[in-house]
**Q** 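Quick one: the structure is below, questions incoming.
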Amino acid sequence: MMRVVHTVAELHKILLPYWRKGDPIGFAPTMGALHDGHCSLLRQSRADHNALTIASIFVNPLQFGPGEDYDEYPRDLQNDVKIAREAGADLVFAPSVAEMYPRGFVTFVDMEKLTERLCGAHRPGHFKGVLTVVFKLFAVVRPNHAYFGQKDYQQSVIIQRMITDLNLDVKMHIMPIIREPDGLAMSSRNAYLGTKHRQEALVLHQALDRAKELIGGGEKNVKKLQAEVRRLIGAVKGAKLDYVSIVHPETLEDVNDVSGKTVVLVAARFGKTRLIDNVIVD
Ligand code: AMP
(Lines give C-alpha, C1' and ligand atoms only; values in the text may rest on other atoms or scores of the structure.)
Protein backbone atom coordinates (compact mmCIF):
# COMPACT_ATOMS: atom_id res chain seq x y z
CA MET A 1 0.00 0.00 0.00
CA MET A 2 1.36 3.41 -0.86
CA ARG A 3 1.24 6.10 1.80
CA VAL A 4 0.85 9.84 1.39
CA VAL A 5 2.15 11.97 4.24
CA HIS A 6 2.09 15.72 4.68
CA THR A 7 4.15 16.37 7.81
CA VAL A 8 7.74 15.81 8.87
CA ALA A 9 6.53 14.22 12.12
CA GLU A 10 4.44 11.57 10.30
CA LEU A 11 7.32 10.89 7.94
CA HIS A 12 9.74 10.52 10.85
CA LYS A 13 7.52 7.87 12.45
CA ILE A 14 7.40 5.80 9.29
CA LEU A 15 11.11 6.13 8.48
CA LEU A 16 12.57 5.54 11.94
CA PRO A 17 12.64 1.71 11.61
CA TYR A 18 14.38 1.98 8.24
CA TRP A 19 17.01 4.38 9.59
CA ARG A 20 17.59 2.14 12.63
CA LYS A 21 18.02 -1.02 10.58
CA GLY A 22 20.02 0.74 7.90
CA ASP A 23 17.55 -0.37 5.22
CA PRO A 24 18.31 1.71 2.12
CA ILE A 25 15.93 4.50 1.18
CA GLY A 26 15.69 5.78 -2.39
CA PHE A 27 14.37 9.29 -2.92
CA ALA A 28 13.29 11.43 -5.88
CA PRO A 29 12.38 15.05 -5.09
CA THR A 30 9.86 16.59 -7.52
CA MET A 31 7.51 19.53 -7.90
CA GLY A 32 4.69 17.25 -9.03
CA ALA A 33 2.78 17.30 -12.32
CA LEU A 34 4.48 13.95 -12.71
CA HIS A 35 5.42 12.60 -16.12
CA ASP A 36 7.51 9.74 -17.37
CA GLY A 37 10.75 11.62 -16.59
CA HIS A 38 9.84 11.58 -12.90
CA CYS A 39 8.66 7.97 -13.16
CA SER A 40 12.02 6.89 -14.55
CA LEU A 41 13.64 8.08 -11.31
CA LEU A 42 11.18 6.12 -9.16
CA ARG A 43 11.56 3.02 -11.32
CA GLN A 44 15.33 3.21 -10.97
CA SER A 45 15.03 3.48 -7.19
CA ARG A 46 12.99 0.27 -7.19
CA ALA A 47 15.34 -1.47 -9.57
CA ASP A 48 18.21 -0.57 -7.22
CA HIS A 49 16.53 -2.61 -4.44
CA ASN A 50 15.94 0.23 -2.04
CA ALA A 51 13.79 -0.95 0.86
CA LEU A 52 11.64 2.12 0.40
CA THR A 53 11.13 4.41 -2.59
CA ILE A 54 9.97 7.92 -1.74
CA ALA A 55 8.80 10.74 -4.01
CA SER A 56 8.37 14.22 -2.63
CA ILE A 57 5.92 16.58 -4.26
CA PHE A 58 6.48 20.18 -3.30
CA VAL A 59 6.22 23.29 -5.44
CA ASN A 60 9.03 25.16 -3.74
CA PRO A 61 8.27 28.89 -3.59
CA LEU A 62 11.92 29.67 -2.78
CA GLN A 63 13.15 28.65 -6.21
CA PHE A 64 10.74 30.87 -8.17
CA GLY A 65 11.69 34.45 -8.92
CA PRO A 66 9.26 37.38 -8.95
CA GLY A 67 7.16 37.21 -12.11
CA GLU A 68 7.88 33.50 -12.61
CA ASP A 69 5.22 30.78 -12.75
CA TYR A 70 4.85 29.83 -9.06
CA ASP A 71 1.11 30.56 -9.06
CA GLU A 72 0.43 28.90 -12.42
CA TYR A 73 2.57 25.82 -11.77
CA PRO A 74 0.35 22.74 -12.34
CA ARG A 75 -0.81 21.11 -9.10
CA ASP A 76 -2.82 17.88 -9.00
CA LEU A 77 -1.86 15.81 -5.97
CA GLN A 78 -4.48 13.10 -6.52
CA ASN A 79 -3.30 12.37 -10.01
CA ASP A 80 0.35 12.57 -8.98
CA VAL A 81 -0.21 10.05 -6.20
CA LYS A 82 -1.69 7.65 -8.72
CA ILE A 83 1.24 8.10 -11.12
CA ALA A 84 3.81 7.74 -8.34
CA ARG A 85 2.16 4.55 -7.14
CA GLU A 86 2.20 3.07 -10.64
CA ALA A 87 5.87 3.98 -11.02
CA GLY A 88 6.70 2.05 -7.84
CA ALA A 89 6.80 4.65 -5.08
CA ASP A 90 6.05 3.34 -1.59
CA LEU A 91 5.50 6.76 -0.11
CA VAL A 92 4.70 10.28 -1.28
CA PHE A 93 5.79 13.16 0.91
CA ALA A 94 3.70 16.23 0.06
CA PRO A 95 4.33 18.92 2.67
CA SER A 96 2.67 22.32 2.77
CA VAL A 97 4.71 25.51 2.40
CA ALA A 98 4.22 26.22 6.12
CA GLU A 99 5.53 22.75 6.97
CA MET A 100 8.72 23.34 5.00
CA TYR A 101 9.15 27.04 5.85
CA PRO A 102 7.59 27.74 9.23
CA ARG A 103 7.35 31.30 10.46
CA GLY A 104 10.80 32.63 11.35
CA PHE A 105 12.65 30.60 8.70
CA VAL A 106 15.92 32.40 7.84
CA THR A 107 18.52 29.71 7.02
CA PHE A 108 19.56 28.97 3.45
CA VAL A 109 22.08 26.92 1.51
CA ASP A 110 23.95 29.03 -0.99
CA MET A 111 26.76 28.24 -3.38
CA GLU A 112 29.20 30.34 -5.36
CA LYS A 113 30.36 30.14 -8.97
CA LEU A 114 28.47 27.06 -10.22
CA THR A 115 25.15 28.74 -9.44
CA GLU A 116 26.08 31.97 -11.17
CA ARG A 117 26.38 30.52 -14.67
CA LEU A 118 23.81 29.32 -17.22
CA CYS A 119 20.31 29.28 -15.69
CA GLY A 120 21.66 30.97 -12.54
CA ALA A 121 22.53 34.03 -14.59
CA HIS A 122 18.95 34.26 -15.88
CA ARG A 123 17.16 33.25 -12.67
CA PRO A 124 18.80 35.02 -9.72
CA GLY A 125 18.22 33.17 -6.44
CA HIS A 126 16.83 30.09 -8.18
CA PHE A 127 19.58 27.70 -7.15
CA LYS A 128 19.68 29.02 -3.60
CA GLY A 129 16.04 27.97 -3.39
CA VAL A 130 16.78 24.59 -4.97
CA LEU A 131 19.75 23.87 -2.70
CA THR A 132 17.87 24.91 0.42
CA VAL A 133 14.84 22.74 -0.29
CA VAL A 134 16.91 19.73 -1.38
CA PHE A 135 19.07 20.00 1.74
CA LYS A 136 15.94 20.13 3.91
CA LEU A 137 14.36 17.21 2.06
CA PHE A 138 17.57 15.21 2.51
CA ALA A 139 17.47 16.08 6.23
CA VAL A 140 13.89 14.88 6.70
CA VAL A 141 14.07 11.79 4.46
CA ARG A 142 17.74 10.84 5.10
CA PRO A 143 17.90 8.91 1.82
CA ASN A 144 20.79 6.62 0.97
CA HIS A 145 20.18 7.08 -2.75
CA ALA A 146 18.81 10.19 -4.45
CA TYR A 147 17.59 10.20 -8.05
CA PHE A 148 17.72 13.26 -10.28
CA GLY A 149 17.30 13.85 -14.01
CA GLN A 150 19.96 14.99 -16.45
CA LYS A 151 17.25 17.24 -17.90
CA ASP A 152 18.17 19.77 -15.21
CA TYR A 153 21.87 19.33 -15.81
CA GLN A 154 23.14 22.34 -13.89
CA GLN A 155 20.91 21.41 -10.96
CA SER A 156 22.40 17.91 -10.84
CA VAL A 157 25.92 19.35 -10.80
CA ILE A 158 25.23 21.80 -7.99
CA ILE A 159 23.44 19.19 -5.87
CA GLN A 160 26.35 16.79 -6.28
CA ARG A 161 28.64 19.68 -5.28
CA MET A 162 26.55 20.37 -2.16
CA ILE A 163 26.64 16.67 -1.21
CA THR A 164 30.42 16.71 -1.50
CA ASP A 165 31.01 20.10 0.11
CA LEU A 166 28.71 19.50 3.08
CA ASN A 167 29.63 15.81 3.57
CA LEU A 168 26.09 14.59 3.05
CA ASP A 169 25.82 10.81 3.14
CA VAL A 170 23.76 10.43 -0.03
CA LYS A 171 24.63 8.70 -3.27
CA MET A 172 23.40 10.68 -6.23
CA HIS A 173 22.11 9.00 -9.39
CA ILE A 174 21.60 11.05 -12.54
CA MET A 175 19.13 9.51 -14.96
CA PRO A 176 18.92 10.12 -18.72
CA ILE A 177 16.51 12.65 -20.22
CA ILE A 178 13.12 11.13 -21.04
CA ARG A 179 11.62 12.62 -24.21
CA GLU A 180 8.29 12.73 -25.98
CA PRO A 181 8.18 10.55 -29.11
CA ASP A 182 9.02 13.62 -31.25
CA GLY A 183 12.09 14.47 -29.16
CA LEU A 184 10.86 17.25 -26.86
CA ALA A 185 12.28 16.73 -23.36
CA MET A 186 9.46 15.94 -20.97
CA SER A 187 8.75 18.77 -18.54
CA SER A 188 5.84 19.76 -16.34
CA ARG A 189 6.08 23.15 -18.07
CA ASN A 190 5.30 21.64 -21.49
CA ALA A 191 1.65 21.80 -20.37
CA TYR A 192 1.83 25.60 -20.79
CA LEU A 193 2.65 25.35 -24.50
CA GLY A 194 -0.07 26.04 -27.08
CA THR A 195 -0.04 24.10 -30.36
CA LYS A 196 2.26 26.55 -32.13
CA HIS A 197 4.86 26.81 -29.36
CA ARG A 198 4.69 23.05 -28.76
CA GLN A 199 5.72 22.52 -32.37
CA GLU A 200 8.35 25.26 -32.27
CA ALA A 201 9.88 23.89 -29.06
CA LEU A 202 11.10 20.84 -30.98
CA VAL A 203 13.92 23.03 -32.26
CA LEU A 204 15.76 22.71 -28.93
CA HIS A 205 16.26 18.99 -29.32
CA GLN A 206 16.87 19.33 -33.05
CA ALA A 207 19.56 21.98 -32.56
CA LEU A 208 21.29 19.89 -29.88
CA ASP A 209 21.12 16.85 -32.13
CA ARG A 210 22.73 18.88 -34.90
CA ALA A 211 25.51 20.01 -32.55
CA LYS A 212 26.09 16.42 -31.50
CA GLU A 213 26.21 15.34 -35.12
CA LEU A 214 28.74 18.05 -36.00
CA ILE A 215 30.89 17.11 -33.01
CA GLY A 216 30.64 13.44 -34.03
CA GLY A 217 31.89 14.50 -37.46
CA GLY A 218 34.96 16.10 -35.89
CA GLU A 219 33.90 19.72 -35.36
CA LYS A 220 35.64 20.99 -32.22
CA ASN A 221 35.23 24.73 -32.68
CA VAL A 222 32.90 26.00 -29.96
CA LYS A 223 32.16 29.30 -31.72
CA LYS A 224 31.07 27.47 -34.88
CA LEU A 225 28.94 25.00 -32.94
CA GLN A 226 27.27 27.75 -30.94
CA ALA A 227 26.63 29.75 -34.11
CA GLU A 228 24.93 26.76 -35.71
CA VAL A 229 22.69 26.12 -32.66
CA ARG A 230 21.86 29.85 -32.52
CA ARG A 231 21.06 29.90 -36.22
CA LEU A 232 18.67 26.93 -35.94
CA ILE A 233 16.87 28.30 -32.90
CA GLY A 234 16.92 31.83 -34.31
CA ALA A 235 15.09 30.59 -37.40
CA VAL A 236 12.07 29.71 -35.24
CA LYS A 237 9.84 32.75 -34.88
CA GLY A 238 8.43 32.01 -31.44
CA ALA A 239 11.76 31.08 -29.82
CA LYS A 240 13.73 33.56 -27.69
CA LEU A 241 17.11 32.13 -26.79
CA ASP A 242 18.42 32.65 -23.24
CA TYR A 243 21.72 30.89 -23.85
CA VAL A 244 23.54 28.20 -25.74
CA SER A 245 26.61 27.11 -23.79
CA ILE A 246 29.24 24.47 -24.29
CA VAL A 247 30.80 23.65 -20.96
CA HIS A 248 32.96 21.35 -18.87
CA PRO A 249 30.71 18.68 -17.30
CA GLU A 250 31.71 19.45 -13.70
CA THR A 251 32.95 23.05 -13.52
CA LEU A 252 30.30 24.29 -15.98
CA GLU A 253 32.94 26.63 -17.34
CA ASP A 254 32.93 27.45 -21.04
CA VAL A 255 35.38 25.30 -22.96
CA ASN A 256 37.48 26.64 -25.80
CA ASP A 257 37.16 23.56 -27.92
CA VAL A 258 35.33 20.28 -27.65
CA SER A 259 37.69 17.57 -26.43
CA GLY A 260 36.70 14.94 -23.88
CA LYS A 261 33.38 14.93 -22.10
CA THR A 262 31.50 18.18 -22.78
CA VAL A 263 27.92 19.35 -22.28
CA VAL A 264 25.94 21.47 -24.71
CA LEU A 265 23.07 23.28 -22.98
CA VAL A 266 20.28 25.50 -24.26
CA ALA A 267 17.55 27.54 -22.61
CA ALA A 268 14.88 29.38 -24.56
CA ARG A 269 11.52 30.97 -24.03
CA PHE A 270 8.43 30.21 -26.11
CA GLY A 271 5.98 32.90 -25.15
CA LYS A 272 6.10 32.88 -21.35
CA THR A 273 7.29 29.28 -21.15
CA ARG A 274 10.99 28.81 -20.45
CA LEU A 275 12.40 25.45 -21.54
CA ILE A 276 15.83 23.87 -21.14
CA ASP A 277 17.56 20.92 -22.76
CA ASN A 278 21.06 19.55 -23.04
CA VAL A 279 23.22 16.83 -24.48
CA ILE A 280 26.43 15.27 -23.17
CA VAL A 281 29.03 14.57 -25.83
CA ASP A 282 32.22 12.59 -25.43
P1 AMP B 1 10.82 18.83 -11.33
O2 AMP B 1 9.53 18.24 -10.86
O3 AMP B 1 10.73 19.49 -12.66
O4 AMP B 1 11.48 19.67 -10.27
O5 AMP B 1 11.80 17.61 -11.57
C6 AMP B 1 12.03 16.65 -10.57
C7 AMP B 1 13.11 15.69 -11.01
O8 AMP B 1 12.73 15.05 -12.21
C9 AMP B 1 14.43 16.42 -11.32
O10 AMP B 1 15.51 15.63 -10.86
C11 AMP B 1 14.41 16.50 -12.81
O12 AMP B 1 15.69 16.59 -13.40
C13 AMP B 1 13.73 15.20 -13.17
N14 AMP B 1 13.18 15.30 -14.52
C15 AMP B 1 12.36 16.27 -14.99
N16 AMP B 1 12.09 16.07 -16.31
C17 AMP B 1 12.80 14.98 -16.67
C18 AMP B 1 12.96 14.26 -17.91
N19 AMP B 1 12.36 14.66 -19.03
N20 AMP B 1 13.76 13.18 -17.91
C21 AMP B 1 14.38 12.78 -16.78
N22 AMP B 1 14.27 13.39 -15.59
C23 AMP B 1 13.49 14.48 -15.53
Side-chain angles (χ1 to χ4, degrees), residues 26-48 53-65 68-70 72-77 79-81 83-84 87-89 92-95 97 100 118-119 123 126-138 141 143 145-163 170-193 198 201-202 204-205 208-209 249 263 265-267 273-280:
F27 177 45
T30 83
M31 297 207 300
L34 299 184
H35 50 66
D36 214 47
H38 301 114
C39 293
S40 73
L41 311 181
L42 298 170
R43 284 192 212 107
Q44 187 63 44
S45 171
R46 275 208 93 87
D48 288 348
T53 290
I54 302 179
S56 64
I57 295 177
F58 180 61
V59 184
N60 174 32
L62 269 190
Q63 71 188 69
F64 289 80
E68 289 188 358
D69 55 341
Y70 177 69
E72 291 81 37
Y73 203 85
R75 291 165 174 86
D76 185 349
L77 184 61
N79 193 44
D80 283 344
V81 164
I83 294 171
V92 165
F93 177 51
V97 172
M100 290 301 279
L118 306 168
C119 285
R123 303 182 70 189
H126 169 66
F127 286 117
K128 181 179 177 181
V130 170
L131 286 165
T132 301
V133 80
V134 171
F135 186 94
K136 280 176 66 76
L137 289 167
F138 281 177
V141 173
H145 299 272
Y147 297 84
F148 291 88
Q150 183 204 313
K151 211 299 232 87
D152 300 85
Y153 186 82
Q154 184 177 16
Q155 169 175 284
S156 69
V157 170
I158 68 159
I159 290 170
Q160 179 56 65
R161 191 72 238 172
M162 171 178 76
I163 289 171
V170 185
K171 165 107 176 75
M172 172 134 181
H173 303 259
I174 300 170
M175 305 306 298
I177 303 175
I178 305 294
R179 300 181 177 280
E180 299 289 353
D182 63 5
L184 181 69
M186 287 193 182
S187 162
S188 305
R189 290 191 166 100
N190 290 349
Y192 299 147
L193 298 167
R198 171 65 184 77
L202 285 177
L204 298 183
H205 175 242
L208 289 172
D209 246 15
V263 193
L265 305 102
V266 293
T273 308
R274 187 173 183 280
L275 300 178
I276 55 176
D277 201 348
N278 67 81
V279 65
I280 300 175

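Order of listing sets the numbers, starting from 1, for every ligand and every atom in it. Keep in mind the model is a prediction, meaning the values are calculated, not measured.
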**Q** Checking a contact table here: which protein heavy atom is nearest atom 4 (O) of ligand 1, and how many Å away?
**A** Met31 CG, 3.6 Å
**Q** Which residue, Asp76, Leu41, Ile57, forms the side-chain contact (heavy atoms from CB on, under 4.5 Å) with Leu34?
**A** Ile57
**Q** Consider salt bridge (Lys or Arg N to Asp or Glu O under 4.0 Å). Of Arg75, Arg274, Arg189, which one does Asp69 pass it with?
**A** Arg189
**Q** Measuring from atom 19 (N) of ligand 1, which candidate in Met186, Gln150, Arg179 has the nearest non-hydrogen atom?
**A** Met186
**Q** Please state which option from Asp36, Asn190, Ile178, Ile276 has its nearest heavy atom closest to atom 20 (N) of ligand 1.
**A** Ile178
**Q** Taking ring-ring contact (aromatic ring centres under 6.0 Å, His included) as the criterion, tell me which of Phe148, Phe27, Tyr147 meets it with His173.
**A** Tyr147
**Q** Say whether His35 and ligand 1 are in contact under the criterion: heavy-atom distance to a ligand atom below 4.0 Å.
**A** yes
**Q** Which residue and atom name correspond to the protein heavy atom nearest atom 14 (N) of ligand 1, and how close is it?
**A** Asp152 OD1, 4.2 Å
**Q** Keeping the roles fixed (side chain from Asn60, backbone from Gly129), state whether a donor-acceptor pair exists under 3.5 Å.
**A** yes
**Q** For the residue pair Leu193 and Leu275, establish whether any side-chain heavy-atom pair is separated by less than 4.5 Å.
**A** yes
**Q** Name the closest protein heavy atom to atom 5 (O) of ligand 1, giving the residue it belongs to and the distance to 0.1 Å.
**A** His38 NE2, 3.5 Å
**Q** Below 4.0 Å, non-hydrogen atoms only: which portion of Pro29 touches ligand 1? Side chain, backbone, both or neither.
**A** backbone
**Q** Judged by atom type as modelled, is there a donor-acceptor pair below 3.5 Å linking the side chain of Asp277 to the main-chain atoms of Leu202?
**A** no
**Q** Can you pull out the closest protein heavy atom to atom 10 (O) of ligand 1? Residue, atom name and distance to 0.1 Å, please.
**A** Gly149 N, 3.0 Å
**Q** Using every non-hydrogen atom in the two residues, find where Ser188 and His38 come nearest and quote the distance to one decimal.
**A** OG-CE1, 3.6 Å
**Q** Under 4.0 Å, heavy atoms only, figure out whether ligand 1 is touched by the backbone of Pro176, its side chain, both or neither.
**A** backbone
